[in-house]
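Since we're looking at a predicted model, the values are computed, not measured.
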Amino acid sequence: EAKKLTEAVGVCEGLEVLLARVETVAARASKLRSETSESRARAQMPEAVKAVGACEARVAEVAGAAAPLGEDVLDRPSPPEGLGEACARVLELERAASVSCLTARQLLEARRQQDDGSSPLEAVVQRLLSRLSAASSQLWAFKQAAQAAGGSHARLRAHREALAKLEAAVSEAELANIPLGDEGDLA
């Protein structure tokens, strides 16, 4: 409408200049938003890398405490000294390591939610998640071993006693079913 009016010609040119400036400012704002989100992502990555490293260090500590559990000690008449303490230590360290792994996973998931999936940092997040998954799997295995090893000798002893009773019952049944030698006369 302003173009129809002859006195508004200068105003139209002024509006076009202002529209061009608004578009320039909008482009700068968009670029700033993008750079800010990338900067935040980069700032979070060192925290996530440190958190995954801390988790892996804790899992290594659990692995060191679990070393005595890897020995085959079931053939011994009694459990080795310190087995119960080693199991308790592994379970204690496992709790702390689980918290560390959970913290790292939360950081990585927060980073993943901020990203739209096209960022080059997504590959870094994926690698960190795979390292974290491997550490969590090891941690779970150590926990299972510690829980099982604690009462393994008692369970083995109970099973051996039950087996001995069954063997005695089978021996009695075999003795009761031995032919007497006069079975041929009955026919």
Side-chain angles (χ1 to χ4, degrees), residues 24-163:
T24 304
V25 169
R28 284 184 186 170
S30 176
K31 184 179 177 183
L32 181 63
R33 266 189 243 115
S34 172
E35 289 174 355
T36 302
S37 67
E38 287 179 22
S39 176
R40 284 184 186 149
R42 283 190 213 111
Q44 272 190 339
M45 291 311 291
E47 287 180 18
V49 170
K50 286 179 186 176
V52 171
C55 174
E56 290 173 330
R58 295 235 179 197
V59 170
E61 189 178 353
V62 173
L69 303 180
E71 299 174 21
D72 187 16
V73 295
L74 289 179
D75 290 334
R76 296 181 186 172
S78 64
E81 287 186 33
L83 182 67
E85 293 82 13
C87 291
R89 177 82 174 136
V90 166
L91 293 174
E92 175 186 326
L93 291 173
E94 182 273 334
R95 279 191 230 74
S98 291
V99 169
S100 180
C101 289
L102 180 63
T103 301
R105 186 166 304 280
Q106 288 171 343
L107 281 171
L108 289 172
E109 289 300 327
R111 172 64 187 105
R112 179 184 260 173
Q113 288 176 355
Q114 287 178 352
D115 194 17
D116 61 357
S118 62
S119 170
L121 295 177
E122 179 65 22
V124 175
V125 171
Q126 284 301 113
R127 283 193 301 269
L128 290 173
L129 280 171
S130 67
R131 284 175 46 192
L132 185 61
S133 180
S136 296
S137 295
Q138 286 179 333
L139 193 59
W140 181 82
F142 291 135
K143 179 180 180 181
Q144 294 299 314
Q147 289 173 337
S152 61
H153 272 282
R155 283 192 305 274
L156 180 63
R157 188 175 24 254
H159 286 288
R160 283 184 177 166
E161 289 172 3
L163 182 62

Say you draw a straight line from [atom1] of [X] to [atom2] of [Y]; how long is it, rounded to the nearest 0.5 Å?
X: Leu108; Y: Gln113; atom1: CG; atom2: CD; value: 11.5 Å
X: Arg28; Y: Leu32; atom1: CZ; atom2: CG; value: 11.0 Å
X: Arg95; Y: Leu91; atom1: CZ; atom2: CG; value: 6.5 Å
X: Leu93; Y: Ser100; atom1: CG; atom2: OG; value: 12.0 Å

> Arg105 and Leu129: which non-hydrogen atoms are nearest, and at how many Å?
Replying inline: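 The answer is NH1-CD2, 3.9 Å.
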>> Quick check: do Arg89 and Glu85 have side-chain heavy atoms less than 4.5 Å from each other?
In response: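 When only atoms from C-beta onward are counted, Glu85 and Arg89 do not touch, as no gap falls below 4.5 Å.
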With a cut-off of 3.5 Å and sequence neighbours excluded, list every side-chain donor-acceptor pair involving residues 49-65.
{"residue": "Glu56", "atom": "OE1", "partner": "Arg131", "partner atom": "NH2", "Å": "2.7"}
{"residue": "Glu56", "atom": "OE2", "partner": "Arg131", "partner atom": "NE", "Å": "3.0"}

> Going through the distances and angles, do Glu94 and Ser98 end up as a side chain to side chain donor-acceptor pair (under 3.5 Å)?
Replying inline: CA-CA 6 Å; Glu94 182 273 334; Ser98 291; 2.7 Å; yes
> Does Ser137 use its side chain to pair, donor to acceptor, with the backbone of Ser133 at less than 3.5 Å?
Replying inline: yes
